[in-house]
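Presented below is the structure to which this report refers.
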Amino acid sequence: VLVGNTLITMYSKYRELGDSQLAFKDISRPDLISWNALLQAFVENNRPHQALVFFLKMRDAGIQPDEFSLVSVLTACSSLVSLTTGKEVHGNLIKRGLLPVTFLGSALIDMYAKCGSISDAKLVFNSMLYKDLITWNSIIVGCAQNGHGDEALKLLCLMREGELEPDNFTFASILSGCADIAAVQQGQQLHALILKSRITTDTAVANALITMYTRIGSVKEAEEVFSKLETKNIVSWTAMIGGYAQNGYAREALEIFNKMETLEVKPNGITFVALLTACSHAGLTDQAEELFHAMKNRYGIIPGSEHYACMVDVLGRVGRLDEAEQLIDRMPDGSN
RNA sequence: UUUGUUCAGAG
């Protein structure tokens, strides 16, 4: 059993979910850890629905889920944005007298926040006696992602009044909250605070700064953060391209995309959304068509409805309405 | 041997 359980997890880390399932089947008497390991494998490999199905199967098999199982299934509810299922799970753990401590607590907060019920998230947060860094981060992220950037900032103050030091997760999400409400002053204050700590070099934090600055039109500041950042990832590049696009700098957007290509950084679907909007805002029809073609043929990215929408916009703006219509007819999701 | 939080996306 021990070897089998280890195998389930190992295959899951290597994104071989099928092998994890086989490893589970090969265990003659799977124990609670076996069930938990495969449940978590579904979650980690972006199969939240299968995770829920497996969770029900587990109960049918007479296995009482423990804290590990519940945290995993709550994570699945978060990614499915399934508030009703999440509440059911919460109700069950209340009935069983399980308290929302550490892992369970933050999983609940995260579930409620991701499902848009920030009031429930706060109830859980306030009911918790011991709050660690991740508990705080979970509620701060919840506020930041639900348009309550001001509350996120207040929570940051409260957190620092206690003995807890915010980390890169805290700053990245708060900055992104500031970008959403265009809280310029707070954002700059945070930037100053970050420069004093050694979090400056964190990629996610820098990426959030880039977005914050381009949202308020400070392209120069964003460029400075971007150029100083040594560990650029695809989000950094896409944020900068999108920042240029939103501020009308289509040429610059296309230029750093070329730079990306020469450095052999692989763009993703979101990168192309940013590029196509840059073209559509600037009326660069030919470039847009080239990019749309390249994304399929050179990069093997299947265009989604968001890319088709950009192209329809591009063609529509120059009066090529028939072609726009034909494109819609060829869309994979024509109902969009 | 199994569990929680962050950063980029169009119309």
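Naming: A, B, ... by sequence-line order, numbering from 1 per chain.
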Looking across every strand, which nucleic acid part, if any, lies under 4.0 Å from K131(A) by heavy atom: base, sugar-phosphate, or nothing? nothing
Would you indicate what A309(A) reaches in the nucleic acid, counting non-hydrogen atoms under 4.0 angstrom: base, sugar-phosphate, or nothing? base
Counting only distance, no hydrogens or angles, is the base of G4(B) paired donor-acceptor with the side chain of N137(A) under 3.5 Å? no
Please state whether the phosphate of G11(B), meaning OP1 or OP2, lies under 4.0 angstrom from any side-chain nitrogen or oxygen of H281(A). yes
Do the rings of Y249(A) and Y244(A) sit parallel, tilted or perpendicular, given the 30° and 60° boundaries? perpendicular
Taking CG from N146(A) and P from U5(B), how many angstroms apart are they, rounded to a whole number? 16 Å
Rounded to whole Å, CZ of R215(A) lies from P of C7(B) at a distance of 12 Å
Measure the distance from CG on D313(A) to C1' on G9(B) and round it to the nearest whole Å. 15 Å
Just call it for N268(A): base, sugar-phosphate, or nothing, with non-hydrogen atoms closer than 4.0 Å on any strand. base
Between R298(A) and E261(A) (salt bridge meaning N to carboxylate O under 4.0 Å), is one present in this structure? yes
Check every atom of U6(B), G11(B), G4(B) against the side chain of Q40(A) and return the nucleotide holding the closest atom. G4(B)
Looking at U3(B), A10(B), C7(B), which one has an atom nearest to any side-chain atom of N207(A)? C7(B)
Distance test, side-chain N/O of K232(A) to OP1/OP2 of C7(B), below 4.0 Å: no
Phosphate-side-chain proximity, Q246(A) and A8(B), N/O vs OP1/OP2 below 4.0 Å: no
Out of U6(B), G4(B), U2(B), minimum distance to the side chain of I33(A) belongs to U2(B)
Among the candidates U5(B), A10(B), U3(B), find the nucleotide nearest to the side-chain atoms of F68(A). U3(B)
I want to verify a distance call: between G11(B), U5(B), A8(B), whose nearest atom is closest to the V235(A) side chain? A8(B)
Can you tell which of U6(B), U2(B), U3(B) lies closest to the side chain of A172(A)? U6(B)
Check the distance between U6(B)'s C1' and L209(A)'s CG and give it to me in whole angstrom. 13 Å
Please determine whether a side-chain nitrogen of the Lys or Arg among K122(A) and E151(A) lies less than 4.0 Å from a carboxylate oxygen of the Asp or Glu. yes
Tell whether N233(A) reaches the base of A8(B) with its side chain through a donor-acceptor pair below 3.5 angstrom. no
Length of the CD1-C1' vector between I109(A) and U3(B), whole Å: 15 Å
With respect to the side chain of K13(A), which nucleotide from U6(B), U3(B), A10(B) is positioned closest? U3(B)
Heavy atoms from C-beta onward define the side chain here; which of U5(B), G4(B), A8(B) lies closest to that of A239(A)? A8(B)
May I ask you to say whether E255(A) pairs ionically with R251(A), meaning some side-chain N is under 4.0 Å from a carboxylate O? yes
Sugar-phosphate only, base, or nothing, as touched by T102(A) at under 4.0 Å among non-hydrogen atoms: base
Using a 4.0 Å heavy-atom cut-off, does D132(A) contact any base of the nucleic acid, only the sugar-phosphate backbone, or nothing at all? base
Are the side chains of S117(A) and L83(A) in contact, using a 4.5 Å heavy-atom criterion? yes
Do K154(A) and D150(A) sit within salt-bridge range, that is, some charged N less than 4.0 Å from a carboxylate O? no
For M240(A) and G9(B), give me the distance from atom CE to atom C1', rounded to whole Å. 15 Å
How long is the gap from CE on M159(A) to CD1 on I139(A), to the nearest 0.5 Å? 12.5 Å
Which is true for T135(A) with a 4.0 Å heavy-atom rule: it touches a base, it touches only sugar-phosphate, or it touches nothing? base
With heavy atoms under 4.0 Å as the rule, sort A208(A) into base, sugar-phosphate or nothing. sugar-phosphate
Value in whole Å for how far the P atom of U5(B) lies from CG of L156(A): 20 Å
Heavy atoms from C-beta onward define the side chain here; which of U1(B), U5(B), U3(B) lies closest to that of T6(A)? U1(B)
Would you mind telling me which of G4(B), U5(B), G9(B) lies closest to the side-chain atoms of F103(A)? G4(B)
I need the CD1-P distance between I210(A) and A8(B), as an integer number of Å. 11 Å
